[in-house]
Undergrad: 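This is the structure I have questions about; it appears just below.
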Amino acid sequence: MTVSLYRVLSEKGEGGKLVAVFPNADGDLQARAAGAGAPLSVFVHSASVSEVSLRVFTPVKEKGSSDSAALAALTHLRPDLLDVAEVGMGGETWPAQLCGGEWLLRQGVPQVREVEANLSPIGLSAEPCWSSSLGRPNLVVEVADLAALDAFTPDAEVISLLGQTTGTTGLILFTMGGPGRADLSFRAFGPLRGFWRTPPAATCWPVRWACWARRIACPPTPTCCARPSGCRGTPRG
């Protein structure tokens, strides 16, 4: 049976997670996952133009749910899907949306609140900032313009200390506008989560809801872009 391999949440082809996508859920799924040659396998149990049902396995057990598996399956099924779909796996249902050429998963209802934070350790002044959470809180900071966004020099240790101080696990810097038709430009970092750059699929929703909290006019399906590459949805580190 045909299996397709996808590298999910990678940056410029590097890093990320290898996911095997099987087009059906027939037979011994655990045995198929064990022989797939990938740390994660996802089986398409059923699919329509707006709904996808999945089962997710590691080589040794059924996992339940996985954002990486969902993104790989959605990418595989893209020609047959609308731009908005629901993904069911592990007893959960996640809304998904194609945004700027990449699938985004909305995992729960975002919780956003404006916060005060001392940003001087990371070289920023008193910029507007929020705690924006979809289960794991991010510190979302709006900078003045694209020049300020590009000028930011990240330091993993300092960002980690800021996260501990503010009770957040990731830092997202953004400004409105960008190259081409981009609505938002951003840079995102997650050293407290064990990786340096936050994947794009994890960032557009918190940024969008921080915009909403500040009453900034943000479109319902924002195109998130990074400077200066102009690559939609790809954070620049």
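By convention here, the first residue in the shown sequence is residue 1.
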Undergrad: With sequence neighbours excluded, what pairs up with Thr166 under the side-chain hydrogen bond (donor to acceptor under 3.5 Å, both in side chains) test?
TA: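 Result, side-chain hydrogen bond (donor to acceptor under 3.5 Å, both in side chains) vs Thr166: Thr168.
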Undergrad: So, using ring pair (Phe, Tyr, Trp, His ring centres under 6.0 Å) as the criterion, who are the partners of Phe57 when residues are at least two apart?
TA: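 Residues passing ring pair (Phe, Tyr, Trp, His ring centres under 6.0 Å) with Phe57: Phe43.
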Undergrad: Ignoring hydrogens, what is the shortest heavy-atom contact between Asp150 and Arg187? Give both atom names and the distance.
TA: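 The pair with the smallest heavy-atom distance is O-NH1, 3.5 Å.
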Undergrad: Under the rule for side-chain hydrogen bond (donor to acceptor under 3.5 Å, both in side chains), what residues qualify as partners of Ser65, not counting sequence neighbours?
TA: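 side-chain hydrogen bond (donor to acceptor under 3.5 Å, both in side chains) list for Ser65, sorted by chain: Glu92.
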Undergrad: Once side chain to side chain contact (heavy atoms under 4.5 Å, CB included) is applied, do any residues pair with Asp28, and if so which ones, sequence neighbours excluded?
TA: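 Result, side chain to side chain contact (heavy atoms under 4.5 Å, CB included) vs Asp28: Gln30, Ala31.
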Undergrad: Can you name the side chain to side chain contact (heavy atoms under 4.5 Å, CB included) partners of Ala85, sequence neighbours left out?
TA: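 For Ala85 there are no side chain to side chain contact (heavy atoms under 4.5 Å, CB included) partners, ignoring immediate neighbours.
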Undergrad: Partners of Thr75 by side chain to side chain contact (heavy atoms under 4.5 Å, CB included), sequence neighbours excluded?
TA: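 Listed in chain order: Tyr6, Trp103.
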Undergrad: What is the distance from atom CG of Leu54 to atom CG of Leu74, rounded to the nearest 0.5 Å?
TA: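 It comes to 7.0 Å.
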Undergrad: For Ala34, check side chain to side chain contact (heavy atoms under 4.5 Å, CB included) against everything at least two apart and list the hits.
TA: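 Ala34 satisfies side chain to side chain contact (heavy atoms under 4.5 Å, CB included) with no residue once adjacent residues are dropped.
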Undergrad: State which residues pass side-chain hydrogen bond (donor to acceptor under 3.5 Å, both in side chains) with Thr153; sequence neighbours excluded, sorted by chain then number.
TA: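 Scan of Thr153 (side-chain hydrogen bond (donor to acceptor under 3.5 Å, both in side chains), adjacent residues dropped) gives none.
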Undergrad: Considering only residues two or more places apart or on different chains, which pairs with a residue in residues 159-177 satisfy salt bridge (Lys or Arg N to Asp or Glu O under 4.0 Å)?
TA: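 Applying salt bridge (Lys or Arg N to Asp or Glu O under 4.0 Å) to every pair that reaches into residues 159-177, excluding sequence neighbours, yields nothing.
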Undergrad: Would you say the side-chain atoms of Arg32 pair up with the backbone N or O of Phe22, donor to acceptor, closer than 3.5 Å?
TA: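 Between the backbone of Phe22 and the side chain of Arg32 there is no qualifying donor-acceptor contact (under 3.5 Å).
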Undergrad: Holding to side-chain hydrogen bond (donor to acceptor under 3.5 Å, both in side chains), I want the full list of residues that pass it with Glu62, two or more places apart in sequence or in another chain.
TA: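 Glu62 satisfies side-chain hydrogen bond (donor to acceptor under 3.5 Å, both in side chains) with Arg55 once adjacent residues are dropped.
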Undergrad: Search all heavy atoms of Ser120 against all heavy atoms of Asn118 and return the closest pair with its distance.
TA: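 Heavy-atom minimum between the residues: OG-OD1, 2.6 Å.
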Undergrad: Please list, one pair per line, the donor and acceptor atoms closer than 3.5 Å that link side chains of residues 44-51 to other protein atoms, with sequence neighbours excluded.
TA:
residue : atom : partner : partner atom : Å
Ser48   : OG   : Ser50   : N            : 3.4
Ser48   : OG   : Glu51   : N            : 3.1

Undergrad: Output the rest of the hydrophobic cluster of Leu5: all Ile, Leu, Val, Met, Phe, Trp and Tyr residues reachable through side-chain heavy-atom contacts under 4.5 Å, sorted by chain and number.
TA: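 Leu5 shares its hydrophobic cluster with Leu18.
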